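So the structure is just underneath, and the comments pick up after that.
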Amino acid sequence: MADIKVMGVLGSGQMGSGIAQLAAVAGISVVLVDSSESALQKGMEGIRSSLQRFVKKGELSQEAANDALTKVKHTTLLKEMSSADVIIEAIVENEDVKKNVFSELDRIIKPHTILASNTSSISINRLASATRRPHQVIGMHFMNPPPIMKLVEIVRGSATADEVFATIKALAERFGKTVICSQDYPGFIVNRILMPMINEAFYTLYTGVATKEDIDCGMKLGTSHPMGPLELADFIGLDVCLSIMKILHHGLGESKYSPCPLLVQYVDAGYLGRKSGKGVYSYRASPSNGNPRSRI
């Protein structure tokens, strides 16, 4: 099983920065890469803030938090990943973009380096086909936010080597995660079940069965979900939900996976959820009372 000393993380958004934080806290040197310098700065600030929250809760010492920060190097240069033993890709959920990056990385990294994708739904086999090392390509799907959520979903491609699987499973466990394993089918395990539920919640709202508040309240109090499906969709990002539903619909070919027209309309209008300030609910400050989470 490979000894991981340096880990590359591609993408400094909430997922990428969270994964980088996990690795740094576990004592691994991290190269965090993003094409945007401003995104990198935002990602690093997110790591600092998150570490301090763990310190305040008594779950991490200030010394350990400071040490973790020193282990994260951030850069806009992809070539800086050449020293990594494992690279975890956490960029936009778009197959063509991911394949282009995998192809480029394949040319500049070490022969033994493992390429893992944080994709939540895209075929690992198709991503692996963009490289000359399909046996070293694997899915490593973290839940959002990575420092808090306890699960990692590992997805093996048809060619993924046993040693690669064992290395990634051990890495996830080093991060303190519980591992579940999926075959390479659209949506894997979690999103194969979760996204149709969210989509059905949109259909319930779209057809006028109930208000958004009652839909969410029903699922929280009636089924003990910590968040209602519409609130959760806003947290995930409506564009991400729509992308996954399209992948499920295309890959599985059943009408039950057809994205709800209301979900499509929201995304077309730019209502992407919390990250855009508006989704099913509004997260913008109200001019009248300054409530940052007023709902419409």
Side-chain angles (χ1 to χ4, degrees), residues 1-34 39-91 105 108-118 136-154 160-181:
M1 190 163 55
D3 181 24
I4 299 170
K5 296 180 180 178
V6 179
M7 193 177 91
V9 179
L10 184 59
S12 61
Q14 187 169 10
M15 296 303 295
S17 61
I19 294 166
Q21 177 182 324
L22 284 170
V25 170
I28 300 171
S29 295
V30 180
V31 181
L32 179 62
V33 176
D34 199 295
L40 281 170
Q41 295 301 325
K42 184 177 180 181
M44 289 303 299
E45 183 54 40
I47 292 173
R48 291 187 195 95
S49 298
S50 178
L51 288 170
Q52 285 308 306
R53 286 194 292 272
F54 279 99
V55 171
K56 288 179 180 178
K57 289 189 289 185
E59 297 177 11
L60 194 68
S61 70
Q62 187 62 60
E63 183 182 3
N66 294 341
D67 184 58
L69 276 174
T70 66
K71 293 187 180 299
V72 183
K73 172 186 176 182
H74 59 282
T75 176
T76 58
L77 302 176
L78 201 64
K79 65 182 181 181
E80 295 296 321
M81 286 190 165
S82 61
S83 63
D85 301 305
V86 170
I87 293 173
I88 302 177
E89 166 273 311
I91 59 174
L105 283 170
I108 64 175
I109 58 179
K110 296 183 291 187
H112 72 265
T113 300
I114 296 170
L115 288 172
S117 176
N118 183 55
Q136 291 165 236
V137 178
I138 193 167
M140 191 179 190
H141 178 210
F142 291 79
M143 305 298 123
N144 189 18
I148 296 174
M149 300 296 282
K150 298 299 184 183
L151 186 72
V152 168
E153 187 175 41
I154 294 180
T160 303
D162 290 342
E163 183 179 357
V164 169
F165 170 78
T167 297
I168 294 302
K169 182 174 184 290
L171 180 62
E173 290 170 345
R174 184 174 174 182
F175 293 163
K177 305 303 182 185
T178 297
V179 171
I180 60 173
C181 304

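On a predicted model such as this, the values are computed, not experimentally measured, just so you know. For this chain, numbers begin at 1 and follow the sequence in order.
With contacts defined as side-chain heavy-atom distances shorter than 4.5 Å, the pair Glu59/Arg53 does not qualify. Residues Ile28 and Arg174 have side chains in contact (heavy-atom distance under 4.5 Å, counting atoms from C-beta outward). A heavy-atom distance below 4.5 Å is found between the side chains of Gln14 and Pro145. For the pair Lys150 and Met143, the minimum side-chain heavy-atom distance is 4.5 Å or more. Contact check for Ile109 versus Leu115: side-chain heavy atoms found under the 4.5 Å cut-off. The side-chain heavy atoms of Asp3 and Asp85, taken from C-beta on, include no pair separated by under 4.5 Å.
Between Ser50 and Gln21, the side chains place a donor N or O and an acceptor N or O closer than 3.5 Å (distance only, hydrogens not considered).
With a 6.0 Å radius and a threshold of 12 heavy atoms from other residues, nucleotides or ligands, Glu63 has its CD atom at or below the threshold. The 12-atom threshold is not exceeded at NZ of Lys56, counting heavy atoms of other residues, nucleotides or ligands nearer than 6.0 Å. Other residues, nucleotides and ligands contribute only 12 or fewer heavy atoms inside 6.0 Å of the NZ atom of Lys79.
With hydrogens and angles disregarded, no donor-acceptor distance shorter than 3.5 Å links the side chain of Asp34 to the backbone of Ala39. Judged by distance alone, with hydrogens and angles left aside, the side-chain atoms of Thr70 form a donor-acceptor pair with the main-chain N or O of Asp67 at under 3.5 Å. Of the possible donor and acceptor atoms, one in the side chain of Thr160 sits under 3.5 Å from a partner among the backbone N and O of Val137.
Residues passing the salt bridge (charged side-chain N to carboxylate O under 4.0 Å, His left out) test with Lys169 are Glu173, sequence neighbours excluded.
In this structure, the separation between CD on Gln136 and CD1 on Ile87 is 11.0 Å, given to the nearest 0.5 Å. For the atom pair CG of Asn66 and CG of Leu51, the computed distance is 9.0 Å after rounding to the nearest 0.5 Å. Distance CG/Leu77 to CD1/Ile108: 10.0 Å, rounded to 0.5 Å. One distance of note links CZ of Phe165 with CE of Met140; it measures 11.0 Å at 0.5 Å rounding. One distance of note links OG of Ser83 with CE of Met7; it measures 12.5 Å at 0.5 Å rounding. Atoms CG and NE2, on Asn144 and His141 in that order, are 8.5 Å from each other to the nearest 0.5 Å.
Across all non-hydrogen atoms, the minimal contact from Ala68 to Ala24 is O-CB, 3.3 Å. In this structure, Val30 and Ala23 approach most closely via the heavy-atom pair CG2-CB, 3.6 Å. Nearest heavy atoms, Ala84 versus Thr113: O-OG1, 2.7 Å. Residues Gly16 and Leu32 share a closest heavy-atom pair of O-CD1, 4.2 Å. Residues Val55 and Ala65 share a closest heavy-atom pair of CG2-CB, 3.7 Å. Closest of all the heavy-atom pairs between Met15 and Phe142 is CE-O, 3.3 Å.
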Could you please spell out the steps behind the side chain to side chain contact (heavy atoms under 4.5 Å, CB included) verdict for Ile138 and Thr167? CA-CA 11 Å; Ile138 193 167; Thr167 297; over 6 Å; no
Using the side chain to side chain contact (heavy atoms under 4.5 Å, CB included) rule, take Leu22 and Lys177 through it: C-alpha gap first, then chi angles, then the decisive distance, then the call. CA-CA 10 Å; Leu22 284 170; Lys177 305 303 182 185; 3.7 Å; yes
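A salt bridge between Lys42 and Glu45 is absent, with no side-chain N of the basic residue lying under 4.0 Å from a carboxylate O of the acidic one.
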